[in-house]
Amino acid sequence: MGRSNHTPQRRCAACGNTAAKGEMLRIMRVLHDDEPASVKIDVTGRGAGRGVYVCSAECLEKAVKTRLFERALKMKIDVDAYDRIREQGLQLL
Ligand SMILES: [Zn+2]
């Protein structure tokens with residue numbers, strides 16, 4: 001009788017398409033007590049905190065190029081952090 005589980009959908013921050021949450025890359029804000037907030041790729045998809053999704057390698061590149069994560073996560077992200085996300089993200093997508 002079809003699928004019984006509802007698959008959560010998320011919207012890509014770069015292209016606006018929706019896709020199943022599990023097929024997208026989630027970038028999340030990580031808060032620290034004693035240093036500025038940082039960003040990381042949420043590989044489990046279950047990390048708590050503000051997150052932003054991209055659906056493809058193309059969209060990840062676009063997001064990095066336009067510094068989209070800074071606006072989406074409302075935080076400062078330095079170039080090194082963008083590079084790390086890009087490198088790791090391209091392997092996952
Ligand atoms: Zn996209």
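Whatever order the structure lists them in is the order used to number ligands and atoms, beginning at 1. Just so you know, these numbers come straight off a predicted model, no measurement behind them.
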All side chain to side chain contact (heavy atoms under 4.5 Å, CB included) counterparts of Asp78, not counting sequence neighbours: Asp80, Ala81
Any Lys/Arg nitrogen of Glu70 or Arg67 sitting under 4.0 Å from an Asp/Glu carboxylate oxygen of the other? yes
Taking Arg26 for the side chain and Gly47 for the main chain, is one N or O donor matched with an acceptor at less than 3.5 Å? yes
Tell me whether Asp42 contacts the main-chain N or O of Arg46 through its side chain, where contact means a donor paired with an acceptor under 3.5 Å. yes
Hey, which protein N/O/S atoms does the Zn ion (ligand 1) have under 2.8 Å? Cys12 SG, Cys15 SG, Cys55 SG, Cys59 SG
Look at atom NZ of Lys65 and say whether more than 12 heavy atoms of other residues, nucleotides or ligands are closer to it than 6.0 Å. no
State whether the side chain of Lys21 and the backbone N or O of Pro8 hold a donor-acceptor pair below 3.5 Å, judged by distance alone. no
